[in-house]
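Below is one structure, written out as structure tokens; comments come after it.
Computed from a prediction, not measured in an experiment: that's the story for all the values here. Chain letters run A, B, ... following the sequence lines, proteins first and then strands; every chain starts at 1.
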2 protein chains.
Amino acid sequence: MTVTIYDVAREANVSMATVSRVVNGNQNVKPSTRKKVLEVIERLEYRPNAVARGLASKKTTTVGVIIPDISNNIYAEAARGIEDIATMYRYNIILANSDQNEEKELSLLDTMLGKQVDGIVMMSDAVTDKLHQSMKHSPVPIVLAGSVDDTNEFPSVNIDYFQASYEAIQLLLNNGHKRIAFLSGPLAYTINSKYKLEAYKKVLQDAGIEVDEQLILSEESSYDSGIEAWETFSSLDNPPTAFFAGSDELAIGIIHGAQDHGKKVPEDIEVISFEDSKLARMVRPKLTSVVFPLYDIGAVAMRLLTKIMNKEKVEEKEVILPHRIETRQSIKL
Amino acid sequence: MTVTIYDVAREANVSMATVSRVVNGNQNVKPSTRKKVLEVIERLEYRPNAVARGLASKKTTTVGVIIPDISNNIYAEAARGIEDIATMYRYNIILANSDQNEEKELSLLDTMLGKQVDGIVMMSDAVTDKLHQSMKHSPVPIVLAGSVDDTNEFPSVNIDYFQASYEAIQLLLNNGHKRIAFLSGPLAYTINSKYKLEAYKKVLQDAGIEVDEQLILSEESSYDSGIEAWETFSSLDNPPTAFFAGSDELAIGIIHGAQDHGKKVPEDIEVISFEDSKLARMVRPKLTSVVFPLYDIGAVAMRLLTKIMNKEKVEEKEVILPHRIETRQSIKL
DNA sequence: TTGAAAGCGCTAACAC
DNA sequence: GTGTTAGCGCTTTCAA
């Protein structure tokens, strides 16, 4: 059947403790012994059983990743960042989709803790009280990636969403626009309601422009929603001339909606997005967009997690990555 | 510390076997006993240790997923399909990226087998001999998703790439084109070299058109490659008037390349793709594309895997899903 | 430098 | 219906 550490020990005429030592790179093994054991391992094609090891050592070298939806490019980027760093530190990843559903998030947390993951990277667009409570009860560290928890009780990696949004909208203001629409993703998501929307209000206010609720729309973050939103906005008595979109798909929807109705971008309307996925360069005009560096966020979050799991001290538990705006043709330069 | 099955047993005045029974839903427990145990479990917040369970039962209820690159939309779709079905059957997923690198594939296989996964879903665009050998040695079932192995020794889920490509190119032929280019993804990938390219040659041949090697280009499957390919093709003495692209990004690259040079699609050139990701509807003109149903392929592959892990008999180990072409504006109707 | 032995927390006979 | 017990394959003291 499967060959165990015991088989190797017997064949090599040593104890299983010694085999364990060579497998784990323990230095207290005479070179000749090590060589002998290694040969037997090779010959028998011995492969350590990570489950047994996990039970004995209480470490599984796997981390849980809870993500809203892996088929959504933005989260997939983050997942890649997480996985790359995990691999670098020899961790494997248990990946699961929550669909941003609290119940699933809770149950996934539980499942993963049951599987004895050594840590968890959590992406959640809305950290509810219940979720917050469950996370606090976790026996292993959890870091939030691209997700905000109002209480700042968890290590996290983000950018300054408020400031980034503020700057983006300011670009539109600088181009002379007075009627700027904000097409947001779901306002149930903290980043949208607490940062992007607040920034939108603040920047207009700072510019002495009154906020017109008609210019604020919250939709599911999809291409079709973008197209529909354009219809809605453009049929207003005093339609907007510039748009701040919560995501690339939303932005592209607006642009195509406009173009399909004979409008020119950026001549007639200007659009700026918040995401900068690879889609941004694949439309005409190419999108100007706040860069949401999900790969980096994932990678840094995972790195942070390794430190915490490793009980290294970390100076800042709430990492704010620098943000920037990628300027392209969807706004006038 | 952490509460174990033993703690529950003690508190409930039963043996750990009884606790194990109620946890596992075994019917041979008196309702009153079950109730008592359940209460204690609740009170103590007992959470079964899946690692211990895995060691004892030799089942981990987790499956490995080896994928070229999760940040690539097409694979992410597949991953989502896999995960959805896995969840449905109470499996978790260990996800890892291979970057289509044989060495990584081999090492990932090994790692996952070490972690005692109950099965593996493998996506590989090029099943090399070495990989094939390793897979054959696996103690747990492996199913290929959207990936072909020449020998047909593994269960797999695919569409009929040859036939689908044949039909797609035929559409171009029917529209009167004689100069049809094939912009392929890497020819190192079996699907590209063995099916798409062969179909391209065959369909031309069947139409009495000689294959012009100048009209065949193989590039990395990216938007930029598509744009570059357009440059190459359009500078030919007798440039192509229609294009069969191996992926949506390639197709969009061609279209934008053409449009940026004043060509109209589909009036001046026609383009048909092979993928049909959500990108297909997000370009103007929208892409006509062979549908590569990755979500379904992933889902069916995972379902197939559950059957095999469960030792149910499966009638067909090589599933060929139906294919279809989504007709949109990038070709004349 | 090496070995013996006690678990890790659970499942699965087997007995009662 | 319930309890006893022997592992599952490994890590980790503790001795030698």
Side-chain angles (χ1 to χ4, degrees), chain A residues 1-38 40-41 44-62 90 110-111 113-118 139-140, chain B residues 1-38 40-41 44-62 90 110-111 113-118 139-140:
Chain A
M1 283 299 301
T2 62
V3 8
T4 73
I5 200 173
Y6 187 75
D7 300 318
V8 176
R10 184 166 27 74
E11 288 288 313
N13 289 311
V14 295
S15 70
M16 50 186 294
T18 298
V19 178
S20 176
R21 286 187 188 99
V22 346
V23 167
N24 291 296
N26 187 315
Q27 288 308 304
N28 296 330
V29 182
K30 203 188 341 170
S32 64
T33 310
R34 175 186 310 281
K35 184 155 174 293
K36 186 173 54 175
V37 172
L38 252 15
V40 176
I41 287 178
L44 266 40
E45 297 188 347
Y46 167 69
R47 176 190 293 133
N49 180 324
V51 172
R53 182 183 291 194
L55 183 58
S57 69
K58 296 179 165 307
K59 286 193 185 338
T60 55
T61 65
T62 107
R90 324 221 87 89
D110 214 56
T111 306
L113 293 176
K115 296 231 167 170
Q116 311 301 117
V117 295
D118 295 337
V140 300
Chain B
M1 284 297 301
T2 62
V3 8
T4 72
I5 199 173
Y6 187 77
D7 300 319
V8 176
R10 183 166 28 71
E11 288 289 312
N13 289 311
V14 296
S15 71
M16 49 185 296
T18 297
V19 177
S20 176
R21 286 188 188 99
V22 346
V23 166
N24 292 296
N26 186 317
Q27 287 310 302
N28 296 330
V29 182
K30 205 188 340 175
S32 65
T33 311
R34 176 188 308 283
K35 185 155 173 293
K36 186 174 55 177
V37 172
L38 252 14
V40 176
I41 286 178
L44 266 42
E45 297 188 347
Y46 167 68
R47 176 188 292 133
N49 181 323
V51 172
R53 182 184 291 195
L55 184 59
S57 70
K58 298 182 166 304
K59 286 193 185 338
T60 54
T61 64
T62 108
R90 325 220 88 88
D110 214 56
T111 306
L113 293 177
K115 297 231 166 171
Q116 311 301 116
V117 295
D118 295 337
V140 299

In whole angstrom, give the distance that lies between atom CD of B:Gln116 and atom C1' of D:dG9. 9 Å
Could you list the donor-acceptor pairs under 3.5 angstrom formed between side-chain atoms of residues 26-33 of chain B and any protein atom two or more places apart in sequence or on another chain?
residue : atom : partner : partner atom : Å
B:Asn26 : OD1  : B:Asn28 : N            : 2.8
B:Gln27 : NE2  : B:Gly25 : O            : 3.3

Quick check: closest heavy atoms across B:Val3 and B:Val8, and the distance to 0.1 Å? CG2-CG2, 4.2 Å
Return each pair, listed once, that meets salt bridge (charged side-chain N to carboxylate O under 4.0 Å, His left out) where at least one residue sits in residues 50-59 of chain B; pairs must be two or more places apart or across chains. none
As an exercise, state the distance from OG1 of B:Thr2 to CG of A:Leu113, rounded to the nearest 0.5 Å. 12.0 Å
I'd like to check the side-chain hydrogen bond (donor to acceptor under 3.5 Å, both in side chains) partners of A:Asn13; sequence neighbours left out, ordered by chain and number. none
Please give, in whole Å, the distance from D:dT13 P to A:Asn26 CG? 12 Å
To the nearest 0.5 angstrom, please state how far the CG atom of A:Asp110 sits from the CZ atom of B:Arg47. 4.5 Å
Going 5' to 3' along DNA chain C, between which two nucleotides do contacts with chain A fall, using a heavy-atom cut-off of 4.0 Å? C:dT1 to C:dG9
Base, sugar-phosphate or nothing for B:Val51? Non-hydrogen atoms, less than 4.0 Å. nothing
Determine whether B:Val51 and A:Thr60 satisfy the following criterion, side-chain contact (heavy atoms from CB on, under 4.5 Å), listing intermediate values before the conclusion. CA-CA 8 Å; B:Val51 172; A:Thr60 55; 3.9 Å; yes
I need the full list of salt bridge (charged side-chain N to carboxylate O under 4.0 Å, His left out) pairs touching residues 5-15 of chain B, with sequence neighbours left out, sorted by first then second residue. B:Asp7-B:Arg10, B:Glu11-B:Arg43
Between B:Ser15 and D:dT2, does any side-chain N or O lie under 4.0 Å from OP1 or OP2? no
Quick test: give all pairs of protein nitrogen or oxygen and nucleotides 10-12 of chain D nitrogen or oxygen below 3.5 Å, distance rounded to 0.1 Å.
residue : atom : partner : partner atom : Å
D:dC10  : OP1  : A:Tyr46 : OH           : 2.5
D:dC10  : OP1  : A:Asn49 : N            : 3.0
D:dC10  : OP2  : A:Ile5  : N            : 2.4
D:dT11  : OP1  : A:Asn24 : OD1          : 3.3
D:dT11  : OP1  : A:Asn24 : ND2          : 3.0
D:dT11  : OP1  : A:Arg53 : NE           : 3.0
D:dT11  : OP2  : A:Ser20 : OG           : 2.6
D:dT11  : OP2  : A:Asn24 : ND2          : 3.4

Find the distance A:Lys58:NZ to D:dT13:P and express it as a whole number of Å. 13 Å
